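In what follows, a single structure is set out as C-alpha cells and then discussed.
Quick caveat, the model's predicted, so the values are computed rather than measured.
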Amino acid sequence: MKRGFRELNTIITVMAREITLFFKSPAAAIMSLAMPLVMMGMIGGNLMQNMATGLDFQFGQFMLVGMLVNMLFMITTMGMTSLVDDHEIDFNQEMLVSPVSRYSLIIGKILGAAFGAILSMAGTLIVGLIMGIMFPVNKLLLILALSPLMCLSGGALAMIIIGLVKNKRAANFAITLIVMPQMFLSGAIIPINNSSGVLYALNRILPMTYCLDLVRAVVYRGNAEYDRIVMFNPMINFAAITALTVICLIIGTYLFARSEKYR
C-alpha cells in the first residue's frame with residue numbers, strides 16, 4: 001500500500017512539473033490552440049469541400065473524430081521530446097536514480113505532455129463548431145474520459161523513438177515520421193475499411209487505428225451509420241489499445257533507461 005502511494009505520488013509530481021513547464025512556455029500553449037486551426041480548419045475544411053460529396057455518411061463528423069484523436073497523438077508525442085532536453089541537463093539521470101519505478105516516471109511524463117494535447121481538443125471542437133460540426137454533450141464527455149488512454153498510447157509509442165534518439169532535431173524529425181503517416185494510415189481523415197495488402201498490415205499494427213475506432217464507436221453508437229464506420233467491437237479496440245500501449249511502454253522504457261545508463 002505504501003509503495004503504491006509512493007508510485008502514485010511520483011506520477012502526480014512528474015505530471016505537475018510538465019504542466020508547470022507548459023504554462024511557462026507560451027509558445028507551447030499557443031501551438032496547442034493554433035494547431036487545430038491548421039489541421040481541422042485548413043486541411044479538414046479542404047477535404048470537406050472536395051471529398052464529402054457522394055459518401056453514404058456524414059464526412060464532417062467522421063473527420064472531426066479523426067482530428068480530435070490525431071491531435072491527442074500529435075501533441076502528446078511532440079511533448080515527449082522534452083525528454084531530450086532533460087537528457088542534456090542530466091535531469092533524466094536524477095529521476096532514474098530515485099527509489100521509484102521507471103514506469104511511474106514515464107507515465108507521469110506522458111500524462112504531463114497529455115495536458116497540452118487535451119487542451120488542443122478544445123481548439124479542435126471550436127473550429128468544428130464554426131464549421132457546423134458538433135457532438136452531443138454526453139458523447140463529448142465520453143471522448144474526454146477516453147482521451148488519457150489515447151495520450152498514453154501515443155506517448156508510449158513515442159518512448160521507443162526517445163529511447164533510440166538523443167538529438168533534439170533528430171527526435172523531432174522521427175516523431176513527425178510517426179505521427180504524420182498514422183494520420184492517413186489509421187483512418188483519421190480517410191476511411192480504411194477496404195484497405196488491403198501492405199496498407200492493411202500497417203494500419204492494423206498502429207495503435208491510433210484502434211483509438212480512432214473506439215472513439216467512433218462512442219460517437220456513432222445508435223446511428224444507422226455505425227456498421228459502415230466502425231470496424232471492430234469496442235472491447236477488441238480497448239484490448240488492442242491496452243496491449244499495444246503496454247508493449248510500447250515496456251520497450252520504450254527499457255530503451256530509455258539503457259540509453260541513460262550507457263551515455
side-chain contact (heavy atoms from CB on, under 4.5 Å), that's the test. Do Cys151 and Phe115 meet it? Break it down for me. CA-CA 9 Å; Cys151 293; Phe115 179 82; over 6 Å; no
Run Gln61 and Tyr220 through side-chain contact (heavy atoms from CB on, under 4.5 Å) and show every step you take. CA-CA 9 Å; Gln61 195 173 60; Tyr220 287 93; 3.5 Å; yes
I need the minimum non-hydrogen distance between Met78 and Ile175, along with the two atoms involved. N-CG2, 4.1 Å
Look up atom CG in Leu105 and atom CE in Met15, then write down how far apart they are to the nearest 0.5 Å. 13.5 Å
CD1-CG distance between Ile130 and Leu125, expressed to the nearest 0.5 angstrom: 11.5 Å
May I ask you to test the Ile192-Met231 pair for a side-chain heavy-atom distance under 4.5 Å? yes
Would you kindly confirm whether Ile126 and Met63 end up in one hydrophobic cluster when ILVMFWY residues are joined by side chain heavy atoms under 4.5 Å apart? no
Between Ile110 and Ile106, does a side-chain contact (heavy atoms from CB on, under 4.5 Å) hold up when you go through it step by step? CA-CA 6 Å; Ile110 294 173; Ile106 298 304; 4.0 Å; yes
Side-chain donor-acceptor pairs of residues 199-212 under 3.5 Å, sequence neighbours excluded:
| unit_1 | atom_1 | unit_2 | atom_2 | d |
| --- | --- | --- | --- | --- |
| Asn203 | ND2 | Leu199 | O | 2.9 |
| Thr209 | OG1 | Asn203 | O | 2.6 |
| Tyr210 | OH | Arg204 | O | 2.5 |

Taking the side chain as everything from C-beta on, heavy atoms only, tell me whether Val179 gets closer than 4.5 Å to Phe73. no
Under the side chain to side chain donor-acceptor pair (under 3.5 Å) test, which residues partner Ser104, sequence neighbours left out? Glu7
Indicate, with yes or no, if Val215 and Leu141 share a hydrophobic cluster defined by side-chain heavy-atom contacts under 4.5 Å among Ile, Leu, Val, Met, Phe, Trp and Tyr. no
Rounded to the nearest 0.5 Å, what separation is found between the CG atom of Leu129 and the CE atom of Met134? 5.0 Å
State yes or no: do Met180 and Ile178 share one hydrophobic cluster built from I, L, V, M, F, W and Y residues joined by side-chain heavy-atom distances below 4.5 Å, directly or via other members? yes
Mind checking whether Leu185 and Leu244 sit in one hydrophobic cluster, side chains of I, L, V, M, F, W, Y counted as touching below 4.5 Å? no
More than 12 heavy atoms of other residues, nucleotides or ligands under 6.0 Å from CG of Asn193: yes or no? yes
Between Gln182 and the options Leu157, Val69, Thr77, the side chain to side chain contact (heavy atoms under 4.5 Å, CB included) test singles out Leu157
Within the side chain of Asn223, is there an N or O that forms a donor-acceptor pair under 3.5 Å with the backbone of Glu225? no
Enclosure of Phe232 CZ (heavy-atom neighbours >12, cutoff 6.0 Å): yes
In sequence, state the C-alpha distance, the side-chain angles, and the governing distance for Phe135 and Leu68, and then conclude on side-chain contact (heavy atoms from CB on, under 4.5 Å). CA-CA 12 Å; Phe135 299 133; Leu68 284 171; 3.8 Å; yes
Spacing of Ser186 atom OG and Asn70 atom CG [to the nearest 0.5 Å]: 7.0 Å
Shortest non-hydrogen contact from Leu72 toward Thr76: O-OG1, 2.7 Å
Just how far is it from atom CG of Leu64 to atom CZ of Arg216, taken to the nearest 0.5 Å? 10.0 Å
Could you tell me whether a side-chain N or O of Thr253 sits under 3.5 Å from a main-chain N or O of Leu249, the two making a donor and an acceptor? yes
Keeping Ser147 on the side-chain end and Leu144 on the backbone end, is there a donor-acceptor pair under 3.5 Å? yes
Please say yes or no: joined through hydrophobic side-chain contacts below 4.5 Å, possibly via intermediate residues, are Leu149 and Ile236 part of one cluster? yes
Quick one: closest heavy-atom pair of Gly187 and Phe62, and the distance? O-CZ, 3.6 Å
When rounded to the nearest 0.5 Å, the distance separating OG1 of Thr245 from CD1 of Ile250 is 11.0 Å
If you take all heavy atoms of Ile143 and Met121, which pair is closest and at what distance? CG2-CE, 3.7 Å
My understanding is that only residues two or more places apart in sequence, or in another chain, count here; which of them pass side-chain contact (heavy atoms from CB on, under 4.5 Å) with Ile251? Ile160, Ile247, Leu255
Determine the minimum heavy-atom distance between Glu18 and Gly112, stating which atoms define it. CB-CA, 3.6 Å
Closest non-hydrogen atoms of Val14 and Gly108, given as atom of the first, atom of the second and distance, are CG1-C, 3.7 Å
